[in-house]
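Throughout, protein chains are lettered first and strands after them, A, B, ... in sequence-line order, and every chain is numbered starting at 1.
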There are 2 protein chains.
Amino acid sequence: MTTSGRKPDEGERYKAILETAARLICERGYEGTSMQEIAAACRMTKAGLYHHIQNKEQLLFAIMNYGMDLFEEQVLSHVQDIADPVDRLRACMRHNILLVTRGWSKEVIIILHEHATLTGEARAFIDNRKKRYVDFLEEAFSQAAQQGRIRPVDPTIGAFSFLGMVLWVYKWFKPDGRLSDEQIADGMVDLLFPPIVAAAVDGQPGVSSLRVVPRAASGSGSGTEEP
Amino acid sequence: MTTSGRKPDEGERYKAILETAARLICERGYEGTSMQEIAAACRMTKAGLYHHIQNKEQLLFAIMNYGMDLFEEQVLSHVQDIADPVDRLRACMRHNILLVTRGWSKEVIIILHEHATLTGEARAFIDNRKKRYVDFLEEAFSQAAQQGRIRPVDPTIGAFSFLGMVLWVYKWFKPDGRLSDEQIADGMVDLLFPPIVAAAVDGQPGVSSLRVVPRAASGSGSGTEEP
DNA sequence: TCCACGACCTACCGACCGGTAGGTAGCACG
DNA sequence: CGTGCTACCTACCGGTCGGTAGGTCGTGGA
């Protein structure tokens with residue numbers, strides 16, 4: 001099984017189909033989008049579309065793999081070599097939030113929303129690609145906790161808390177809301193990975209932590225939408 | 001518009017239909033579930049089902065309102081009168097996580113997953129009920145920050161971080177995983193609302209905070225699934 | 001000049017979709 | 001006994017679903 005399930009490098013046209021289909025599926029959902037509509041949006045007939053793809057499920061699979069490629073290129077590749085685990089997590093959170101908020105790559109949103117739509121091998125393949133990200137986060141949390149850079153936390157709980165904060169954003173973020181995506185990224189990074197000012201509480205340095213508290217932030221009122 | 005959009009108190013049968021439909025829609029998605037299937041699961045014909053409901057969309061609307069009722073009864077009502085804002089948030093997080101992990105009330109999961117399926121008035125009505133929860137959380141974060149019980153944080157960012165951590169759980173939690181729902185709840189509460197040990201850093205008491213760091217936790221390996 | 005091939009098309013398939021018209025069996029009430 | 005009502009039923013509607021058979025047409029290489 002290759003990355004896309006179809007022979008790679010068929011050209012720009014194929015990619016354009018994936019992007020067009022992703023736009024529609026992102027808006028209306030997988031089951032709610034007909035092949036007719038996708039074909040029309042590609043300025044083709046349905047039979048013409050089927051010349052390029054095998055069936056609807058394989059199309060979704062290809063879209064998701066494309067989305068994972070984009071994620072790895074725009075998030076993982078920029079942060080995986082950062083030596084400090086906390087800085088690595090901070091940068092990763094920031095990149096990931098911006099990936100979700102900036103509307104390029106509806107494919108990523110589809111991965112998030114249609115988490116249970118695929119079945120069988122295709123489902124397992126995508127789940128496996130996702131799992132590599134979870135492992136990456138768990139490893140970083142584990143290192144950070146071991147070095148006393150963050151509060152001790154089960155790495156799995158840390159990873160999924162991270163992911164929840166970051167990925168839930170797709171459900172409520174509105175580009176014209178009160179908070180910009182930059183503000184959200186900064187705020188969440190500061191909330192989960194606050195700067196540390198001093199260490200050592202009971203003579204065992206590097207494990208306990210006093211966190212700096214800048215005199216700022218607060219405020220009230222929402223500005224954005226539903227949970 | 002009443003809570004359900006249908007005349008209230010039609011009896012147990014209606015509730016049973018909502019619960020059965022919710023089970024199917026939760027498994028297969030709203031668009032992926034046919035009225036035929038729902039009717040069959042209720043041991044009825046499709047026409048028989050339509051004797052009780054107006055149409056498919058109104059059925060979803062009723063399910064979501066039922067889910068919001070359950071949420072308010074099982075979460076909000078237990079925590080809204082807790083005086084201390086941080087304790088209120090802690091208890092709320094705990095109750096909400098357990099609401100998601102224990103499989104009673106698929107209706108709640110549907111509210112989470114089908115966040116963009118309804119349109120028009122029904123959508124606005126549900127969004128408004130959700131917003132009341134966001135407001136509740138923002139208020140608590142605002143109070144907690146003002147009292148110096150947590151790091152200063154924009155209340156909206158706090159609320160949606162809370163919600164992301166808690167609600168994302170429905171996408172990955174498996175009852176037979178390494179972590180129990182109790183452990184997840186405890187871990188997330190401790191991560192976002194750590195106990196405070198001392199205050200005062202620069203002579204301005206009640207704003208800064210030193211967090212206690214128990215010598216425990218950590219560990220590695222995942223045990224659960226995809227992000 | 002010929003022809004193989006990719007990129008589409010028209011026309012169609014059977015299944016199923018959400019929804020309804022109209023009938024009926026059972027029960028409560030007078 | 002008759003009437004009215006609820007709770008279903010059978011049978012059907014027009015439309016759309018995912019998918020395909022088979023044809024057309026432009027293009028590039030021999």
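Checked against ring pair (Phe, Tyr, Trp, His ring centres under 6.0 Å), B/Phe162 has no partners two or more places apart in sequence or in another chain. Shown here are the salt bridge (charged side-chain N to carboxylate O under 4.0 Å, His left out) partners of A/Arg23, two or more places apart in sequence or in another chain: there are none. With sequence neighbours excluded, no residue forms a ring pair (Phe, Tyr, Trp, His ring centres under 6.0 Å) with A/Phe136. In this structure, A/Tyr30 has no ring pair (Phe, Tyr, Trp, His ring centres under 6.0 Å) partners at least two apart in sequence or on a different chain. Residues satisfying the salt bridge (charged side-chain N to carboxylate O under 4.0 Å, His left out) test with A/Arg88, not counting sequence neighbours, are none.
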Mind listing the side-chain donor-acceptor pairs of residues 32-42 of chain B below 3.5 Å, one per line with the distance, residues two or more places apart or on another chain?
{"unit_1": "B/Thr33", "atom_1": "OG1", "unit_2": "B/Gly29", "atom_2": "O", "d": "2.6"}
{"unit_1": "B/Ser34", "atom_1": "OG", "unit_2": "B/Glu37", "atom_2": "N", "d": "3.1"}
{"unit_1": "B/Glu37", "atom_1": "OE1", "unit_2": "B/Ser34", "atom_2": "N", "d": "3.0"}

For residues 92-101 of chain B, which side-chain donor-acceptor pairs fall under 3.5 Å, sequence neighbours excluded?
{"unit_1": "B/Arg94", "atom_1": "NH1", "unit_2": "B/Asp186", "atom_2": "OD1", "d": "2.5"}
{"unit_1": "B/Arg94", "atom_1": "NH2", "unit_2": "B/Glu182", "atom_2": "OE1", "d": "2.2"}
{"unit_1": "B/His95", "atom_1": "ND1", "unit_2": "B/Ala91", "atom_2": "O", "d": "3.0"}
{"unit_1": "B/Asn96", "atom_1": "ND2", "unit_2": "B/Tyr133", "atom_2": "OH", "d": "2.7"}
{"unit_1": "B/Thr101", "atom_1": "OG1", "unit_2": "B/Ile97", "atom_2": "O", "d": "3.2"}
{"unit_1": "B/Thr101", "atom_1": "OG1", "unit_2": "B/Leu98", "atom_2": "O", "d": "3.3"}
{"unit_1": "B/Thr101", "atom_1": "OG1", "unit_2": "B/Asp181", "atom_2": "OD2", "d": "3.1"}

request  = For nucleotides 16-22 of chain D, just jot down a letter per nucleotide in 5' to 3' order: B, S or -, based on protein non-hydrogen atoms under 4.0 Å.
outcome  = -SBBBB-
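Listed by first and then second residue, the salt bridge (Lys or Arg N to Asp or Glu O under 4.0 Å) pairs involving residues 159-169 of chain A amount to none (not counting sequence neighbours). Residue pairs meeting the salt bridge (Lys or Arg N to Asp or Glu O under 4.0 Å) criterion with at least one partner in residues 45-55 of chain B, sequence neighbours excluded, do not occur; the list is empty.
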Dump every N/O contact between nucleotides 23-27 of chain C and the protein below 3.5 Å, one line per pair.
none

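Of all the residues in residues 18-28 of chain A, not one reaches under 4.0 Å from DNA chain C with any non-hydrogen atom.
Look at B/Arg13 and you'll find a side-chain N or O under 4.0 angstrom from OP1 or OP2 of D/dC8.
Under the 6.0 Å cut-off for aromatic ring centres, B/Phe61 and B/Phe125 qualify, their centroids lying closer than that.
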